[in-house]
Amino acid sequence: MNTLLLAADTVGYTLPPLWRALTKTAYFIGLAGAIGGLVTYAGAVRPALRGSADAADDVALLRDRSAVGLACSGVVLLVSGYFQLAARVARAGTGMPFADALAPQRIWQFLRAPADEGSWIAQGTIFLVQNLVLLVTATILTALFARGVRRRLDTIALTALPLALAVTLIGAVPASVPLEADASLDLAFTQIHIISGTVWLGGLVLLVALAGARGRLSRNAGPIWAGIWRRFSLTAMICVAAVLISGLWMSWEHVGAVSQLWTTGYGLALLVKILLVLGLVTAGAFNQLWLMPRIARARRTDETASLFRLTLRHFPKVVWGEVVLGLAVLSVVPFLSGSARTEAGSPQAEPSAGVFTAGAALVLTLVVSLYVTAKASDALSRRPAAAGELVDAMTGQTARTPSHNSSGI
C-alpha cells in the first residue's frame, strides 16, 4: 500500500477517493462471490457430490454449506452493488459528495437521465437493467438461507449462474456504437479479465468455506474432495490463461514502456498487481505439481487417511494464501485509473500486424506452458513413491503402510 501511495507524487496521477476505492473493491468481491461461487459449485462441487452416494452424510453437509455460502454471496452482491451504483452517481455529478449520492432519489434521477446526443440508449438505462438483474440474482441466492429452498440448490444455482454473469456483461454494453476495432477488443478483454478473475477468486473462497467443515466430515469425504480439487484445478488453469492473456492486452494498451511501471502512478499500481498475481500463479503451480499428484496417488492406492489429510488439511492451507493474495489484488484494482502512457506523455497504443503477431506468440507460449504443467502433474501422479511409506508433503512426517502396498505418498 505504501508503494501505491507513492503514486500520489507522480505527475498526472490522482489517487481515487477512499469511498471510490472501497466501493469498487467491495463490488468485485461481491461479483467474485456470486460468479465464482456459482461456477465452482456447478462445475466442481455438484458433480463430485452426485458421484458420492456412499457418503450421504458428508454430501448433505457439503450441500448445506454450499447453499449457505452462496446465500452469503447474494447478500454481499446486493449491498456492494448498491454502493457501487451510488459511486457511479457521485462520479456523474460534478462535485457531488458520496453521502448525497446514496439517496434513492439521486440514484433514480441518474438512472432516468436521457441519452446523450448520438447514443443509441441512455447510459442510465443500461445501469438500470444491470441493477435489476443484480437484484434478481441476489434475491435468488439469498433465498438459500431458507432450509426448504436448499432442497432445490442445483436448480437455483444453475438459474442464478447466467444471471450473475449478465450483471457484469450488461454493465459493459456501450451506449454509443459502432466502436473502433481496438475499443471493441479492449471491451472484450476487460470482460474476460473480470469474469475469469472472479471465477478464480470466488471459487477459492467457496472451497475454503466448505473445507472449514472438515471437523464434521468422515474419512469417506477424502475421495469427494479429491474430485472437487481435481475439477477446480482445471477451471483454475483456464482462468489463469484467460487472466494472463487479457492482462497482457490491457497492460500493452496502458503502458508504453517497462520503465513506466515505476515512474507513473498507474504503472506502480499495475506493478503491485502483477506481483500479487504472480504469487497466485506460484501457489497454483505448487498445487498442480506438488499436492495434486499426491492426492491422485493416495486416491489410486486407497490410502484414506493420507487422502483426507491432503485434501482437507494441506490443500486448504495453500488455498487460504491464494484467497488473501486475491483479495489484495482486488484492493489494488481501484488504483488502476487513467493510463501510464498518458502520464508519461507516450503515444497511445495503436494495434498493428506486428503487435498481433507478438501477442499470438505470447499466447501460444502461455498455452503450451499450461499444457506442459498439466501433463507434468499427470505424470507425477502416476509415479510410484517410496515403497511402504506415506510422506506428509507439508510436515515431513512419515507413516508405515501395510507391506502389501507397493506405493505411497
Side-chain angles (χ1 to χ4, degrees), residues 29-80 136-165 198-233 235-236 295 299 304 307-320 322-323 326:
I29 290 174
L31 275 183
I35 296 176
L38 287 166
V39 169
T40 300
Y41 176 77
V45 179
R46 178 171 170 261
L49 297 183
R50 292 182 69 179
S52 305
D54 56 339
D57 291 341
D58 295 325
V59 169
L61 175 60
L62 291 173
R63 280 180 56 86
D64 190 69
R65 202 171 179 92
S66 296
V68 173
L70 291 174
C72 290
S73 73
V75 174
V76 176
L77 179 64
L78 181 63
V79 174
S80 63
V136 172
T137 305
T139 301
I140 292 174
L141 291 176
T142 53
L144 289 169
F145 279 122
R147 289 191 175 274
V149 178
R150 294 178 199 171
R151 291 194 296 268
R152 297 187 291 274
L153 173 59
D154 290 354
T155 301
I156 289 175
L158 295 176
T159 301
L161 176 54
L163 293 174
L165 291 170
T198 54
V199 169
W200 188 7
L201 176 58
L204 292 172
V205 171
L206 177 65
L207 294 183
V208 163
L210 294 183
R214 61 179 176 271
R216 299 164 58 190
L217 295 172
S218 71
R219 295 289 178 177
N220 294 328
I224 297 176
W225 274 96
I228 291 175
W229 290 127
R230 179 177 60 80
R231 289 180 174 89
F232 180 74
S233 292
T235 301
I295 289 173
R299 189 176 188 181
T304 305
L307 186 60
F308 187 88
R309 184 175 64 252
L310 287 166
T311 57
L312 282 161
R313 292 182 186 174
H314 298 337
F315 213 114
K317 290 179 182 178
V318 180
V319 174
W320 258 117
E322 292 182 83
V323 169

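Start at 1 with the first residue, then count along the sequence.
- The shortest distance between side-chain heavy atoms of Thr40 and Thr235 does not fall below 4.5 Å.
- Considering only residues two or more places apart in sequence or on other chains, Trp200 meets the ring pair (Phe, Tyr, Trp, His ring centres under 6.0 Å) condition with none of them.
- Rounded to the nearest 0.5 angstrom, Ile140 CD1 and Leu161 CG are separated by 11.0 Å.
- Considering all non-hydrogen atoms of both residues, Leu141 and Ser73 come closest at CD1-OG, 3.8 Å.
- Taking each heavy atom of Ala48 and Ile228 in turn, the nearest pair found is CB-CG1, 3.5 Å.
- Taking CD1 of Ile224 as the start and CG of Leu210 as the end, the distance is 11.0 Å to the nearest 0.5 Å.
- Each salt bridge (Lys or Arg N to Asp or Glu O under 4.0 Å) pair with one or both residues in residues 203-219, not counting sequence neighbours, would appear here, but there are none.
- Here the CG atom belonging to Leu144 is positioned 8.0 Å from the OG1 atom belonging to Thr142, to the nearest 0.5 angstrom.
- Within the 4.5 Å cutoff, the side chain of Leu207 has no heavy atoms near those of the Pro316 side chain.
- For Asp154, the CG atom counts as densely surrounded, since its 6.0 Å shell holds more than 12 non-hydrogen atoms of other residues, nucleotides or ligands.
- Nearest heavy atoms, Leu38 versus Ala164: CD1-CB, 3.9 Å.
- Listed by chain and residue number, Asp64 satisfy the side chain to side chain donor-acceptor pair (under 3.5 Å) test with Arg150 (two or more places apart in sequence, or in another chain).
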